[in-house]
Amino acid sequence: GAVVSQHPSRVICKSGTSVKIECRSLDFQATTMFWYRQFPKQSLMLMATSNEGSKATYEQGVEKDKFLINHASLTLSTLTVTSAHPEDSSFYICSASPRLAGLTDTQYFGPGTRLTVL
Amino acid sequence: TQLLEQSPQFLSIQEGENLTVYCNSSSVFSSLQWYRQEPGEGPVLLVTVVTGGEVKKLKRLTFQFGDARKDSSLHITAAQPGDTGLYLCAGTTSGTYKYIFGTGTRLKVLA
């Protein structure tokens with residue numbers, strides 16, 4: 001149980017284009033989803049928190065107009081990197097939390113999406 | 001800014017050796033998780049600790065949460081090549097579901 005998928009697993013795009021990454025909770029409803037960015041050989045950095053049906057909360061320094069997050073259902077959140085540039089190349093990881101009462105605040109992580117912007 | 005510092009940053013050991021990874025902060029956490037991540041994959045949860053002084057064992061891995069809930073350690077006994085990976089601690093503070101990830105410890109176990 002508690003499986004999170006991401007699609008695509010890898011994407012290469014040209015500079016200036018937009019890329020959409022999907023994050024799905026396959027066997028549970030995710031009230032909250034999180035988007036992280038990970039540079040090579042570094043730890044995960046939280047970009048934003050999204051709650052179903054409401055606007056995402058972005059961490060300091062993350063451009064909300066560049067990284068558009070939509071959490072339209074309890075099983076799907078999307079991250080769109082708009083007007084991508086080479087410096088946006090990174091490993092993007094989502095996580096989902098059921099946030100059910102009485103349980104610890106566990107997050108279940110997706111397998112990640114490798115974005116390369118040429 | 002809340003920080004979780006992990007040490008050591010890198011560790012290369014021979015198969016069969018023991019090792020300890022530390023995760024330290026000046027902040028108090030309501031829970032702390034340990035993950036292992038392999039290249040090109042997402043982090044995989046190893047354990048969650050929530051009570052100060054708590055010790056949990058997972059086969060050859062022993063996790064401890066500090067009494068003050070500001071630090072944690074991961075001890076691996078008789079390391080194997082399959083233990084190779086990036087080990088990450090992540091803490092949550094009371095009132096928030098956000099994770100603060102540690103700086104990471106890259107472990108390589110040589111056969």
Side-chain angles (χ1 to χ4, degrees), chain A residues 1-10 21 23-25 30-51 56-62 90-116, chain B residues 1-12 21 23-25 29-51 54 56 63 65 69 72 84-108:
Chain A
V3 177
V4 176
S5 70
Q6 279 185 242
H7 178 79
S9 58
R10 290 177 177 268
I21 302 170
C23 176
R24 293 181 185 273
S25 57
T31 310
T32 305
M33 287 185 169
F34 303 85
W35 287 96
Y36 296 84
R37 184 173 182 176
Q38 186 177 31
F39 290 108
K41 301 188 186 300
Q42 293 188 24
S43 187
L44 278 70
M45 288 183 56
L46 180 64
M47 298 175 65
T49 302
S50 73
N51 291 292
T57 302
Y58 291 81
E59 294 301 299
Q60 193 172 9
V62 178
S90 190
F91 194 49
Y92 292 88
I93 305 174
C94 73
S95 71
S97 176
R99 290 188 62 183
L100 297 176
L103 297 181
T104 57
D105 42 10
T106 299
Q107 294 183 22
Y108 300 95
F109 285 83
T113 296
R114 172 77 57 194
L115 170 63
T116 302
Chain B
T1 302
Q2 297 166 319
L3 290 174
L4 269 172
E5 296 285 343
Q6 285 184 237
S7 61
Q9 193 174 1
F10 300 99
L11 191 56
S12 180
V21 177
C23 174
N24 294 296
S25 175
F29 293 97
S30 57
S31 71
L32 194 136
Q33 290 76 25
W34 282 94
Y35 290 86
R36 183 171 73 210
Q37 184 184 26
E38 300 196 25
E41 299 181 11
V44 174
L45 178 67
L46 296 174
V47 78
T48 298
V49 286
V50 298
T51 306
E54 183 176 4
K56 280 192 174 180
F63 305 85
F65 201 11
R69 291 186 287 129
S72 181
T84 294
L86 176 66
Y87 288 82
L88 296 162
C89 62
T92 55
T93 54
S94 180
T96 176
Y97 282 88
K98 294 197 298 186
Y99 277 17
I100 298 165
F101 270 89
T103 47
T105 295
R106 196 164 296 276
L107 171 66
K108 187 169 186 178

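Order of the sequence lines sets the chain letters (A, B, ...), proteins ahead of strands, with each chain counted from 1.
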Open item on the list: Among residues at least two apart in sequence or on other chains, which ones pass side chain to side chain contact (heavy atoms under 4.5 Å, CB included) with B:Ser12?
Closed with: B:Lys108, B:Leu110
Task: Residue list, ring pair (Phe, Tyr, Trp, His ring centres under 6.0 Å) with A:Tyr36, at least two apart or on another chain - done: A:Phe109, B:Phe101
TODO: Verify the neighbour count for atom NZ of B:Lys56: are there more than 12 heavy atoms of other residues, nucleotides or ligands below 6.0 Å?
DONE: yes
- [ ] Give a yes or no on whether B:Glu38 atom CD has more than 12 heavy-atom contacts from other residues, nucleotides or ligands under 6.0 Å away.
- [x] yes
Task: Under 4.5 Å from any heavy atom of chain A - which part of B:Gln37 - done: side chain
Task: Separation of B:Tyr35 OH from A:Leu44 CG (nearest 0.5 Å) - done: 9.5 Å
Open item on the list: Looking at every heavy atom in both B:Leu88 and A:Ser43, which two are closest together, and how far apart are they?
Closed with: CD2-OG, 3.4 Å
Task: Pick from A:Glu59, A:Gln6, A:Gln60, A:Arg114 with the largest number of heavy-atom pairs that fall under 4.5 Å of chain B - done: A:Glu59
Task: chain B contact via A:Ile93 - which portion, at a heavy-atom distance below 4.5 Å - done: side chain
Open item on the list: Side chains of B:Gln33 and A:Gln107 only: does a donor on one sit below 3.5 Å from an acceptor on the other?
Closed with: no
